[in-house]
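Reviewing the structure listed below.
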2 protein chains.
Amino acid sequence: MKVRATRDQIVEAADRLIYEKGFEYMAFADLANAVGISRGNVSFHFKTRDEILSAVIELRFGRTRRMLEQWETEGIDARERIRSYIRIPLTNRTQVLRYGCPVGTLCTELAKLGHDDLVQASRIFGLFREWLGRQFTDLGLAGHSDALAMQVLAWSQGVATLASAFHDEPFVRAEVRRMEDWLDSLVPGSGRPRRPRKLRGRQSAPARHP
Amino acid sequence: MKVRATRDQIVEAADRLIYEKGFEYMAFADLANAVGISRGNVSFHFKTRDEILSAVIELRFGRTRRMLEQWETEGIDARERIRSYIRIPLTNRTQVLRYGCPVGTLCTELAKLGHDDLVQASRIFGLFREWLGRQFTDLGLAGHSDALAMQVLAWSQGVATLASAFHDEPFVRAEVRRMEDWLDSLVPGSGRPRRPRKLRGRQSAPARHP
DNA sequence: CAGCAATTAGGACAATTGTCCTAGTCCGTC
DNA sequence: GACGGACTAGGACAATTGTCCTAATTGCTG
C-alpha cells in the first residue's frame with residue numbers, strides 16, 4: 001500500500017515528463033523533484049531509467065485498454081465508437097498541439113534509439129489497431145478491417161505531427177471533420193442521419209478526400 | 001575554404017546524428033569522434049549545441065529547396081511532381097522504417113522542448129507545403145491547394161510514424177500506392193492514362209480511400 | 001622567410017548524469 | 001514495547017555533459 005503510493009507517484013510523474021519532454025529528458029532528479037522525494041528514494045523503487053520506462057508503458061497500456069473497453073460498452077454502434085477515436089486529437093487538442101501524440105512520439109523516440117521497449121510501446125498502437133479493426137468488422141468491412149484501422153491510425157498520427165509542428169488548431173478541427181465525413185461515407189447505407197453542418201470558410205470541402 | 005571543410009563535416013555528422021538518434025543524443029564528443037577531430041575543435045566552430053542545430057536546419061532547408069526546384073524543372077506535369085513527393089517514404093524506406101521522417105521527428109522533438117528553433121525547422125515543412133500547393137494549383141485545384149498540401153503532408157507523416165513504430169514495409173508500399181491512386185482520382189479528366197496494376201493480396205482495394 | 005590570423009588539440013571546469021551504498025525512520029506484527 | 005522488514009534521505013561515485021581557455025600548429029600573405 002505504502003510502496004504503491006510513492007511508486008505510483010513516480011510512474012505518474014514519469015508519464016507526464018516523458019510525454020511533455022521526451023524519454024531522454026526524464027532524469028532521476030526531475031522525478032524526485034516532481035514527486036517531492038529524494039533521488040535515492042526513486043532509485044529504491046526503480047533501479048534504472050529503463051525500468052521506469054517499462055512501468056510507464058505498462059501504465060499507458062492498461063489505461064488505453066480500459067478506455068477502449070469502456071468505449072465498447074458505451075458506444076451506441078461501431079460508427080459512433082470509431083468516432084470517439086477520431087475525435088481524440090480534438091478532445092486533447094491543447095496537449096496534442098504542444099506535445100503531439102503520446103504514443104506516436106514515444107515510439108518515434110524509441111525507434112531512433114533502437115530501444116528494446118519499442119516493441120512494448122508499439123503494442124499500445126496495437127490495442128487501437130485491433131479495436132478499430134473490430135469496429136470496422138462490425139460495420140461490415142471485415143475484409144479490409146485491419147487495413148482501415150491502420151489508415152485511421154496513420155491519419156491521426158499525421159494530424160498530430162503537423163498540428164504540433166505548425167501549432168495549427170484549425171487544421172486539427174478541419175481534419176477531424178474530414179475524418180468523420182470519410183467515416184460516414186464508408187458505409188452509406190447504414191441509415192445514420194447525416195447531420196447538416198454549417199460550412200466554415202477555411203475547411204470548405206477540400207476535395208472528395210482521402 | 002579550410003574552415004568550411006571541417007565545419008561542413010561537423011554539420012554533416014550532426015545532420016546524421018540528429019536524424020538517427022535525436023537532437024538530445026547528439027553530443028560534442030560524438031561529433032568530434034565522427035569527424036575525427038578534438039572536442040575543442042568542434043567548440044571552435046560552434047560555441048553551443050543550439051548553433052549546430054541551427055546550422056543543420058539551414059542545411060536541410062537548402063537541400064530541400066534545391067530538391068524541390070529540381071523536381072519543378074524535371075517533372076513532366078504537376079501530377080508527376082506530386083508523385084515524386086508521395087514516393088519519398090518508399091524511396092527512403094530503409095531509413096524511414098528505422099528513424100521515421102527527418103523533418104517530422106525533429107519538429108516533434110523541438111516542439112516538446114519548446115525550443116525556439118521549432119519555427120525554423122517547421123519552415124522545411126513550409127517548403128513542401130508551398131511547393132505542393134503550387135502543384136495542386138497547377139492541377140486546377142487552386143481553391144483547395146493549401147488544404148490539399150496539408151493533407152498530403154499529414155498523410156505521409158502518419159505513414160512514416162506507423163512504419164517506424166511497426167517496422168512495416170508492406171504498409172509503406174500499400175499507403176504509397178493508395179496515395180498515388182488518390183492523386184490520380186483527384187482530377188480524373190486530366191487525361192493521364194491509369195496504368196493497370198496487378199493487385200497483390202495484402203492491399204487489395206481497402207475501401208474508396210481516404 | 002617572417003609574420004599573422006585561422007585552425008587545432010588538449011585539457012580545465014563546474015554541473016549533471018545514472019547508479020550504488022549506508023545509515024536512519026517508519027509502521028505493522030509478535 | 002521490541003523486533004524486523006519496508007521505506008526514505010543523503011551522499012558517494014565515476015562518467016559524461018557543454019563550455020571555456022591556452023598553447024601549439026597550420027597555412028596563407030607579404
Side-chain angles (χ1 to χ4, degrees), chain A residues 1-59 106 109-110 112-118 120-121, chain B residues 1-58 106 109-110 112-118 120:
Chain A
M1 171 77 87
K2 187 81 159 309
V3 53
R4 277 291 140 193
T6 302
R7 200 191 130 101
D8 286 354
Q9 280 185 73
I10 296 173
V11 179
E12 214 77 49
D15 179 43
R16 216 194 66 239
L17 270 172
I18 288 178
Y19 179 34
E20 296 180 359
K21 300 290 182 184
F23 172 57
E24 191 57 14
Y25 292 88
M26 177 206 68
F28 273 56
D30 299 331
L31 291 174
N33 199 54
V35 180
I37 58 179
S38 64
R39 277 166 310 157
N41 198 353
V42 180
S43 269
F44 169 76
H45 291 283
F46 298 97
K47 275 181 264 299
T48 67
R49 284 175 69 234
D50 286 348
E51 276 186 33
I52 305 183
L53 174 63
S54 294
V56 168
I57 293 174
E58 201 176 357
L59 172 76
L106 178 60
E109 186 174 1
L110 297 184
K112 276 184 193 296
L113 303 178
H115 198 292
D116 291 337
D117 273 337
L118 167 62
Q120 295 301 325
Chain B
M1 172 76 91
K2 187 79 161 309
V3 53
R4 276 290 140 194
T6 302
R7 201 191 129 101
D8 287 353
Q9 281 185 73
I10 296 173
V11 179
E12 214 77 49
D15 179 43
R16 216 193 65 238
L17 270 172
I18 288 178
Y19 179 35
E20 296 180 358
K21 299 292 182 184
F23 171 57
E24 191 58 13
Y25 292 87
M26 176 207 68
F28 273 56
D30 298 332
L31 290 175
N33 198 55
V35 181
I37 58 179
S38 65
R39 276 165 311 154
N41 198 354
V42 180
S43 271
F44 168 76
H45 292 281
F46 298 97
K47 274 181 264 299
T48 67
R49 285 175 68 234
D50 286 349
E51 275 185 34
I52 305 182
L53 174 63
S54 294
V56 168
I57 292 174
E58 201 176 355
L106 177 59
E109 186 174 1
L110 297 184
K112 277 185 193 292
L113 303 178
H115 198 292
D116 291 337
D117 272 337
L118 167 63
Q120 296 301 326

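All heavy atoms count here, side chains included; hydrogens, waters and symmetry mates do not. The chains referred to below are lettered A, B, ... by the order of the sequence lines, with proteins before strands, and numbering in each begins at 1. Model, not experiment: these values are computed from the prediction.
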**Q.** Spacing between B/L17 atom CG and D/dG18 atom P, to the nearest angstrom
**A.** 11 Å
Q: Ignoring the backbone of B/A29, work out which of D/dT17, C/dG18, D/dG18 is nearest its side chain.
A: D/dT17
Q | Interatomic distance where OH belongs to B/Y25 and P belongs to D/dT16 [whole Å] | A | 16 Å
Q. Would you say C/dT8 has OP1 or OP2 under 4.0 Å from some side-chain N or O of B/H45?
A. yes
Q | For atom CD1 of B/I37 and atom P of D/dT26, their distance in whole Å | A | 16 Å
**Q.** Within-4.5 Å side-chain heavy-atom neighbours: A/Y19 and B/K112
**A.** yes
Q. Would you say a side-chain N or O of A/N41 is under 4.0 Å from OP1 or OP2 of D/dA9?
A. yes
Q: Grab the CZ-P distance between B/R39 and D/dG18 for me, whole Å please.
A: 10 Å
Q: Choose from C/dG18, C/dC20, C/dT7 the nucleotide whose nearest atom is closest to any side-chain atom of B/F44.
A: C/dT7
**Q.** Pairs where residues 18-46 of chain B contributes a residue and the test salt bridge (charged side-chain N to carboxylate O under 4.0 Å, His left out) is met, not counting sequence neighbours
**A.** B/R16-B/E20, B/E24-B/R49
Q) Which listed nucleotide (D/dG18, D/dT8, C/dT8) is nearest to the side chain of B/A27? A) D/dG18
Q: Nearest whole angstrom, please: distance from the C1' of D/dT8 to the CZ of A/F28.
A: 15 Å
Q. Which nucleotide, C/dG18, C/dA9, C/dC20, lies nearest any side-chain atom of A/K47?
A. C/dC20
Q. When the distance from CG of B/N33 to P of D/dT16 is rounded to whole Å, what number comes out?
A. 12 Å
(Q) Distance alone, cut at 3.5 Å: any donor-acceptor contact between the side chains of B/D117 and B/S54? (A) yes
Q. Hey, does B/L106 have a side-chain heavy atom less than 4.5 Å from the side chain of B/L53?
A. yes
Q. Which whole-number value in Å describes the distance from A/D8 CG to D/dC7 C1'?
A. 15 Å
Q: Output yes when at least one side-chain N/O atom of B/S38 is less than 4.0 Å from OP1 or OP2 of C/dG11, else no.
A: no
Q: Would you mind telling me which of D/dG18, D/dG11, D/dG10 lies closest to the side-chain atoms of B/R49?
A: D/dG18
Q. A/S43 has a side chain; which of C/dG10, C/dT19, C/dG18 sits nearest to it?
A. C/dT19
Q: Take atom CE of B/M26 and atom P of D/dT16, then tell me their distance rounded to the nearest Å.
A: 18 Å
Q: Tell me, please, which residues at least two apart from A/E51 pass side-chain hydrogen bond (donor to acceptor under 3.5 Å, both in side chains).
A: none
